[in-house]
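Each remark here refers to the structure printed beneath this line.
Whatever order the structure lists ligands and atoms in, that order sets their numbers, starting from 1.
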Amino acid sequence: MDLKQHINEEKLPDHVALIMDGNGRWAKQRGKERIFGHENGVEAVRDTVKAAAEIGVSYLTFFAFSTENWCRPHLEVETLMDLLVHAIGNETPELHKNGVRLQAIGDLESLPELCREKLNEAMKLTEKNTKLIVTVALSYSARWEIVNATRKIAEKIANKTLSPDQIDEDLLHAAMETASLPDPDLLIRTSGELRISNFLLWQIAYTELYFTPVYWPDFRREHFYQAIIDYQRRERRFGKLNKQVAVSKNL
Ligand code: IPE
Ligand code: IPE
Ligand code: MG
């Protein structure tokens with residue numbers, strides 16, 4: 001069945017965020033080391049980006065490495081960083097050719113130097129592309145981001161360039177790592193875990209959540225399209241009544 005035919009182009013999510021989980025379990029099922037799962041996760045990213053570009057989603061945000069993931073065994077962290085360097089090098093030309101802009105959020109200063117260099121090169125090369133904005137969250141956690149945002153605002157208050165009564169939701173939005181992005185419409189988590197794991201806490205206030213048991217290395221365009229179809233069946237009410245939502249849609 002071609003799932004793409006069942007997608008309503010009028011009701012596409014503008015921004016889809018993804019928690020890519022289950023690489024280790026995928027590898028374990030095959031009697032391999034965890035890194036084998038991470039390596040095979042790259043194809044899933046590639047296919048998801050292509051699928052999103054094909055239907056016209058504007059923003060994709062991938063959770064690739066959390067602040068808490070630094071606590072994993074040293075060898076896994078090191079190999080993941082090497083994999084990241086290779087993946088950026090291998091994937092960027094194709095992304096650029098397809099009009100994709102690559103961005104990153106998180107504590108990028110904490111990444112190994114080579115990784116930072118590759119990332120900066122790829123971001124610079126693709127900075128004028130507008131077809132699809134792909135944001136990778138690296139050394140990212142939502143609480144880290146909120147603490148940072150609070151600090152930035154507090155500094156402005158301390159040096160008197162801001163007064164407390166000017167603090168509102170727009171100001172907080174602008175102080176987040178995701179200042180240039182709209183809030184996600186849909187968040188997909190793979191591997192059957194039903195949690196957020198410190199991802200985009202501020203931004204997902206009204207995001208639709210979609211959980212799938214598929215392990216990330218097996219995730220392909222049909223799973224992505226299935227998530228979109230599921231999203232399109234839902235009614236987003238934002239606290240209003242069902243009939244009010246229907247009226248505002250007709251305006
Ligand atoms: C997700 O897969 C990748 C990262 C968090 C870096 P995991 O490595 O968490 O795989 P599982 O959850 O242990 O199967
Ligand atoms: C979340 O996955 C982080 C990323 C996908 C990068 P984890 O595997 O680290 O999350 P927990 O530990 O199961 O909550
Ligand atoms: Mg995991």
Side-chain angles (χ1 to χ4, degrees), residues 15-49 52 59-88 90-91 102-112 114-116 118-119 134-148 176-178 181 184 186-204 207-220 223-224 227:
H15 181 180
V16 181
L18 297 107
I19 302 178
M20 309 185 279
D21 197 17
N23 296 354
R25 279 163 283 169
W26 185 90
K28 195 172 173 210
Q29 268 184 345
R30 287 159 179 77
K32 304 272 188 166
E33 298 292 327
R34 296 175 54 81
I35 191 68
F36 184 66
H38 299 316
E39 284 164 0
N40 279 276
V42 178
E43 181 61 37
V45 177
R46 197 181 296 137
D47 210 43
T48 304
V49 170
Y59 302 89
L60 278 183
T61 300
F62 292 98
F63 201 7
F65 192 83
S66 73
T67 308
E68 291 77 17
N69 288 150
W70 287 115
C71 300
R72 290 193 180 188
H74 183 69
L75 184 62
E76 179 169 347
V77 171
E78 202 175 26
T79 331
L80 260 171
M81 292 298 150
D82 288 346
L83 179 64
L84 193 65
V85 169
H86 282 107
I88 296 168
N90 291 339
E91 304 302 318
L102 187 73
Q103 303 189 140
I105 55 170
D107 183 12
L108 306 181
E109 294 298 309
S110 67
L111 299 173
L114 185 60
C115 198
R116 252 181 6 238
K118 287 278 165 200
L119 202 54
V134 170
T135 305
V136 187
L138 288 167
S139 190
Y140 170 90
S141 87
R143 286 186 174 180
W144 166 85
E145 175 185 47
I146 292 169
V147 168
N148 255 355
M176 296 287 165
E177 293 283 294
T178 51
L181 306 176
L186 172 65
L187 170 67
I188 300 172
R189 182 175 189 145
T190 59
S191 91
E193 307 296 356
L194 306 179
R195 54 178 173 261
I196 301 302
S197 301
N198 216 351
F199 193 41
L200 302 178
L201 295 180
W202 166 266
Q203 298 84 345
I204 61 169
T207 299
E208 294 295 328
L209 308 180
Y210 180 85
F211 298 97
T212 167
V214 173
Y215 289 151
W216 180 254
D218 284 333
F219 192 84
R220 288 294 179 274
H223 302 110
F224 184 72

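Not one N/O/S atom of E193, from backbone or side chain, sits under 2.8 Å from the Mg ion (ligand 3).
Looking only at its N/O/S atoms, D21 has OD1 as the one nearest to the Mg ion (ligand 3).
The immediate protein surroundings of ligand 1, defined as residues with any heavy atom under 4.0 Å of it, consist of M20, D21, G22, N23, G24, R25, R34, H38, A64, N69, R72, L80.
Of all heavy-atom pairs spanning F211 and E193, the tightest one is CD2-O, 3.3 Å. In this structure, N40 and F36 approach most closely via the heavy-atom pair ND2-O, 2.8 Å. Of all the heavy atoms in L18 and V16, the pair that sits closest is CD1-O, 4.1 Å.
Residue R195 approaches ligand 2 through these ligand atoms, each under 4.0 Å from one of its heavy atoms: 11 (P), 13 (O), 14 (O).
With no hydrogens or angles considered, no side-chain donor-acceptor pair links Y140 and E177 at under 3.5 Å.
Annotation: E33, atom CD; neighbour count of heavy atoms from other residues, nucleotides and ligands within 6.0 Å does not exceed 12. Within 6.0 Å of the CZ atom in R143, the count of heavy atoms belonging to other residues, nucleotides or ligands does not exceed 12.
Geometrically, R72 does not engage W70 in a cation-pi contact defined by less than 6.0 Å to the ring centre and at most 45° from the axis.
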